[in-house]
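So you know, we letter chains A, B, ... as the sequences are listed, proteins then strands, and number each from 1.
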Amino acid sequence: MSKKPAAIRGTNDFVKDEAARFDHVVDTFRRVARQFNFRPVHIPVFEQTSVFARSLGETTDVVSKEMYTFEDRSGDSVTLRPEFTAGIARAYISNGWQQHGLMKLSAWGPCFRYERPQKGRFRQFHQLDAEMLGAGEPMHDVELLAFGQQLLEDLGVAGNVSLQLNTLGDPDSRAAWQAALLAYFRRHEDALSADSRERLERNPLRILDSKDEGDRRVVAEAPIIDEFLTDDAKGWFDRVQGGLSVARIDFERNMRLVRGLDYYRHTAFEFVTDALGAQGTVLAGGRYDGLVEAMGGAPTPAIGWAAGIERLAMLVDGVNEDPIDVALVPMNEAAEHVGLSLLNALRSGGGVSGETFARGNMKKRMQRADASGAALALVIGESELQKKAVQVKDMSEGDQTSVAFGDLGFIGGYLAERRLRVMEGEGESMPAFSAWFAANKVRSK
RNA sequence: GCGAUCGUAGCUCAGUCGGUUAGAGCGCUGGUUUGUGGUACCAGAGGUCGCGGGUUCGAACCCCGUCGAUCGCCCCA
């Protein structure tokens with residue numbers, strides 16, 4: 001027992017409903033991405049360490065203590081990606097993607113951060129990512145937010161989530177605000193928590209979203225960005241807000257929402273929930289006009305967001321594993337051989353899913369067939385082989401009818417119609433197989 | 001990195017003041033005249049009580065350490 005291999009701390013193994021929820025989040029993301037014309041981009045899971053170290057900022061926690069960094073066999077320092085944006089920016093520069101003009105990209109996959117695991121926080125976690133590069137209009141911000149909003153709605157979690165919005169202004173606004181903020185916090189340094197006094201040196205903006213009571217009292221009186229916005233920056237933010245209300249995307253202005261890094265400009269946002277404890281941010285992003293330039297490319301306006309797949313999967317409910325369509329229940333080996341070829345014909349003919357239940361006594365076989373959730377059971381024994389027909393049992397109705405091997409297509413037809421009705425929410429109206437078969441068999445003559 | 005709580009079968013848990021071969025439910029495997037489930041019954045497999053050390057005649061239970069999980073801080077998706 002003690003010899004059992006253990007998973008690495010902060011990693012997860014998902015099966016069954018957890019895996020189904022995870023996939024549902026990804027499937028939904030990919031579908032909505034197509035609707036918004038965000039095209040797939042595939043980038044490496046690891047990069048030269050400098051890609052992340054320079055883009056995220058040497059002083060951030062992510063870079064200074066949370067990266068999975070190691071030397072490869074040639075002695076180069078490489079790092080498992082802690083997020084997507086830096087890698088996509090690097091690819092944009094490496095490949096000269098500015099030739100494509102506006103690029104709307106979507107990606108998803110694992111990211112790695114050496115953190116203390118907690119609810120909704122893991123060392124290997126998975127993100128959905130959306131980026132717009134070469135996007136220099138306020139309406140691009142609105143479009144990107146609309147994508148995020150639509151995703152949350154299609155996942156059915158929008159009701160538990162609210163959009164917090166802020167602006168960091170352009171570089172001039174931001175620099176003036178930051179200087180005023182720093183001066184203000186220094187005046188009130190003795191009222192700040194130990195953590196925040198630390199932040200004063202490294203990342204003063206972060207004091208704004210501190211959870212400490214005392215800090216919040218100081219923050220309440222702190223200078224706000226609006227007093228420092230240039231006309232351009234204010235105009236930008238007004239157009240974003242105007243676009244959001246036209247798009248009917250509700251948001252809440254949150255003056256304390258910030259981004260620590262210099263290349264962030266203008267729009268910053270987070271979709272948050274209180275259903276996940278301390279890890280309430282479910283989808284977050286902002287405009288990072290300065291990043292591509294800071295990494296050695298041409299000045300490129302850009303905006304993007306990332307969402308935590310595990311966090312979204314924890315909010316999603318009512319997603320279960322898909323049951324199979326048919327359960328094959330053969331009575332003996334000869335029947336199993338024939339049954340398998342019938343099942344394979346159904347699979348290749350009409351996308352029917354199925355499984356064989358050939359172990360244990362008859363009762364056990366039916367029990368397992370039932371547990372599989374199959375709509376129909378195909379029972380084949382000696383007498384069926386002789387008659388060249390299968391017994392088809394409707395598992396929810398309990399009725400059973402004989403179907404000649406040559407009429408197998410009706411099973412595919414029944415299942416297809418059933419799927420359609422279920423999709424339209426009218427699964428209840430589907431007749432039992434025996435009645436449906438009798439009616440359609442007659443009609444086909 | 002800091003703090004709190006918790007680790008007993010695959011899962012959820014019980015296990016009295018430290019006292020013989022550590023239990024239940026579910027699940028799993030097989031069976032109940034060798035052909036019928038969603039609601040029967042019988043049997044079986046499966047645990048060095050997270051790991052290591054200590055106290056004791058004796059430890060699942062007490063002590064120390066360690067690993068892991070959970071929740072919070074920090075940080076963030």
Between [M] and [N] - [atom1] atom distance, rounded Å:
N     : M     : atom1 : result
B:U16 : B:A59 : P     : 16 Å
B:U20 : B:G72 : P     : 41 Å
B:C74 : B:G58 : C1'   : 46 Å
B:A24 : B:A14 : P     : 16 Å
B:C62 : B:G15 : P     : 13 Å
B:C51 : B:A60 : P     : 11 Å
B:C64 : B:A69 : P     : 22 Å
B:G27 : B:U39 : P     : 10 Å

What is the per-nucleotide protein-contact pattern of nucleotides 71-77 of chain B, from the 5' end, where B denotes a base atom under 4.0 Å from a protein heavy atom, S denotes such proximity for sugar-phosphate atoms only, and - denotes neither? SBBBBBB
Each nucleotide in nucleotides 25-34 of chain B should get exactly one letter: B, S or -. Can you fill that in based on protein heavy atoms under 4.0 Å? ----SBBB--
Please name the nucleotide paired to [N] by Watson-Crick or G-U wobble geometry with both distances under 3.5 Å, or report none.
N     : answer
B:G47 : none
B:C71 : B:G3
B:U39 : none
B:G52 : B:C64
B:G10 : B:C26

Assess whether side chain to side chain contact (heavy atoms under 4.5 Å, CB included) is satisfied between A:Val240 and A:Phe269, documenting all intermediate values. CA-CA 12 Å; A:Val240 171; A:Phe269 58 90; over 6 Å; no
Residues in side chain to side chain contact (heavy atoms under 4.5 Å, CB included) with A:Arg256, at least two apart? A:Leu208, A:Arg216, A:Val219, A:Asn254
Please check the phosphate of B:U36 (OP1 and OP2 only) for any side-chain N or O of A:Arg365 closer than 4.0 Å. no
Run the salt bridge (charged side-chain N to carboxylate O under 4.0 Å, His left out) test against A:Asp215 and tell me which residues pass, sequence neighbours left out. none
Sub-4.0 Å heavy-atom contacts from residues 369-387 of chain A onto RNA chain B, ordered by number: A:Asp370, A:Val379, A:Gly381, A:Glu382, A:Ser383, A:Glu384
Is any side-chain heavy atom of A:Ile411 closer than 4.5 Å to a side-chain heavy atom of A:Phe433? yes
With side chain to side chain contact (heavy atoms under 4.5 Å, CB included) as the test, would you mind laying out the steps for A:Leu151 and A:Leu128 before giving the verdict? CA-CA 11 Å; A:Leu151 172 67; A:Leu128 309 173; 3.8 Å; yes
Are the side chain of A:Arg287 and the backbone N or O of A:Arg265 linked by a donor-acceptor pair below 3.5 Å? no
Determine yes or no for a side-chain-to-main-chain donor-acceptor pair under 3.5 angstrom, with A:Asn12 supplying the side chain and A:Phe14 the backbone. no
Would one find more than 12 heavy atoms of other residues, nucleotides or ligands at under 6.0 Å from atom CZ of A:Phe46? no
In chain order, what residues pass the ring pair (Phe, Tyr, Trp, His ring centres under 6.0 Å) check against A:His126, with sequence neighbours excluded? A:Phe22
One thing to verify: whether A:Glu293 and A:Arg54 come together as a salt bridge, which I'm taking to mean a side-chain N less than 4.0 angstrom from a carboxylate O. no
Before accepting this row, confirm whether a basic side-chain N of the pair A:Asp325/A:Arg418 lies closer than 4.0 Å to the acidic partner's carboxylate O. no
Testing the basics here: between A:Pro431 and A:Trp436, what is the closest heavy-atom pair and its distance to 0.1 Å? CG-CD1, 3.9 Å
With sugar-phosphate meaning primed atoms plus P, OP1 and OP2, does A:Gly10 contact a base, only sugar-phosphate, or nothing at under 4.0 Å between heavy atoms? sugar-phosphate
Whole angstroms only, please: what is the CE-C1' distance between A:Met366 and B:G37? 5 Å
